[in-house]
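Below, all heavy atoms of this structure are taken into account, side chains as well, without hydrogens, waters or symmetry copies.
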Amino acid sequence: MAKQAFSSPNAPSPAAKYSPAVRKGNMLQISGQVGFDPSGTLVGDSVDAQTRQAFANVNTLLAEAGASIDDVIMLRVYLTDPGHFAEMNAAFAEYVTEPFPARTTVYTGLNPGILVEIDALAVLD
């Protein structure tokens, strides 16, 4: 099966040369999504608001590729500050259900103003 790229007018456009989502076979990888709305505007300066927008973007791209959050087996979350974990985790809990996907949380530097980034790996039946 050939590799297929997906994007959506309802999610922000990539800032560089990469695909927002790529599927090959039954594997679907969603590129890291941040708190930008579809117009490319950062939604706010709180981890809660940016986590919610990142999930909205992830869910939009999953749907564009024929998947949903229930198909996700792995989520990676990147935070700029360990002090943001509880706020991110509270918002995160509203988007996933049991059985929960695996998750890794990494503390790293992101572009100025960006507090959280989320990517997803899904397996489709």
Side-chain angles (χ1 to χ4, degrees):
M1 173 180 246
K3 181 169 61 172
Q4 184 177 6
F6 296 90
S7 62
S8 172
N10 298 316
S13 297
K17 293 197 177 284
Y18 64 88
S19 297
V22 175
R23 180 176 180 178
K24 182 159 177 140
N26 68 341
M27 304 291 291
L28 173 65
Q29 177 68 52
I30 306 297
S31 294
Q33 298 298 305
V34 297
F36 289 124
D37 67 16
S39 74
T41 301
L42 193 58
V43 297
D45 58 2
S46 74
V47 173
D48 178 72
Q50 290 188 24
T51 299
R52 290 174 188 283
Q53 184 62 52
F55 263 109
N57 297 338
V58 166
N59 284 329
T60 293
L61 292 166
L62 286 166
E64 192 71 31
S68 75
I69 196 72
D70 292 333
D71 297 309
V72 172
I73 63 167
M74 179 64 180
L75 288 161
R76 282 173 292 272
V77 178
Y78 305 88
L79 292 171
T80 59
D81 183 337
H84 294 158
F85 182 83
E87 187 176 357
M88 175 280 299
N89 204 46
F92 185 99
E94 295 180 26
Y95 291 90
V96 296
T97 58
E98 291 188 41
F100 300 116
R103 181 176 86 185
T104 298
T105 303
V106 177
Y107 302 102
T108 188
L110 296 170
N111 286 340
I114 298 174
L115 304 173
V116 61
E117 182 172 0
I118 300 171
D119 71 48
L121 176 65
V123 177
L124 289 71
D125 295 325

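Judged by distance alone, the side chains of Asp48 and Ser46 never bring a donor and an acceptor atom under 3.5 Å apart.
Under the 4.5 Å side-chain heavy-atom criterion for ILVMFWY residues, no single connected hydrophobic cluster contains both Ile114 and Phe85. Taken together through direct or relayed side-chain contacts under 4.5 Å among Ile, Leu, Val, Met, Phe, Trp and Tyr, Val77 and Phe100 form part of one hydrophobic cluster. Under a hydrophobic clustering in which Ile, Leu, Val, Met, Phe, Trp and Tyr are joined whenever their side-chain heavy atoms come within less than 4.5 Å, directly or via other members, Val22 and Leu61 fall into different clusters. Ile118 and Leu121 are members of different hydrophobic clusters when ILVMFWY side chains are connected at heavy-atom separations under 4.5 Å.
Rounding to the nearest 0.5 angstrom, the gap separating the OG1 atom in Thr60 from the CD atom in Gln33 is 9.0 Å. Within the model, atoms OG1 of Thr80 and CG of Leu115 stand 5.0 Å from one another, a figure rounded to the nearest 0.5 Å. For the atom pair Leu42 CG and Gln50 CD, the distance stands at 4.5 Å (nearest 0.5 Å). Taken from CZ in Arg52 to CD in Glu94, the straight-line distance is 4.0 Å, to the nearest 0.5 Å.
Across Ala5 and Ser19, no two heavy atoms sit closer than the pair CB-OG, 3.4 Å. Across all non-hydrogen atoms, the minimal contact from Val43 to Ala49 is CG2-O, 3.5 Å. Considering all non-hydrogen atoms of both residues, Pro14 and Tyr18 come closest at CG-O, 3.4 Å. In this structure, Phe36 and Pro12 approach most closely via the heavy-atom pair O-CG, 3.5 Å. The two residues Val58 and Ala120 have their closest heavy-atom pair at CG1-CB, 4.1 Å. Residue Ala67 comes nearest to Leu28 through the heavy atom pair CB-CD2, 3.8 Å, listed as atom of the first residue, atom of the second, then distance.
Between Thr51 and Asn89 there is no side-chain heavy-atom pair separated by less than 4.5 Å. Looking at heavy atoms from C-beta onward, Leu62 lies in side-chain contact with Ile69 at the 4.5 angstrom threshold. At a threshold of 4.5 Å between non-hydrogen side-chain atoms, the residues Val116 and Leu79 count as touching. In this structure, the side chains of Asp119 and Tyr78 come closer than 4.5 Å at one or more pairs of heavy atoms. Side-chain atoms of His84 and Tyr107, non-hydrogen and from C-beta on, never get closer than 4.5 Å to each other. Counting heavy atoms from C-beta outward, Glu117 and Thr108 have side chains that stay 4.5 Å or more apart. Here the side chains of Met88 and Thr105 are in contact, with some heavy-atom distance below 4.5 Å.
Classified by interplanar angle (parallel below 30°, tilted 30° to 60°, perpendicular above 60°), the ring pair Phe92/Phe55 is perpendicular.
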Report task. Evaluate the criterion side-chain contact (heavy atoms from CB on, under 4.5 Å) for residue pair Leu75 and Val96; output intermediate values, then yes/no. Result -> CA-CA 10 Å; Leu75 288 161; Val96 296; 3.9 Å; yes
Report task. Run the numbers on Thr104 and Met74 for side-chain contact (heavy atoms from CB on, under 4.5 Å), then give the verdict. Result -> CA-CA 8 Å; Thr104 298; Met74 179 64 180; 3.0 Å; yes
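Side-chain atoms of Asn57 never come within 3.5 Å of backbone atoms of Ala54 as a donor-acceptor pair (strictly under, hydrogens ignored).
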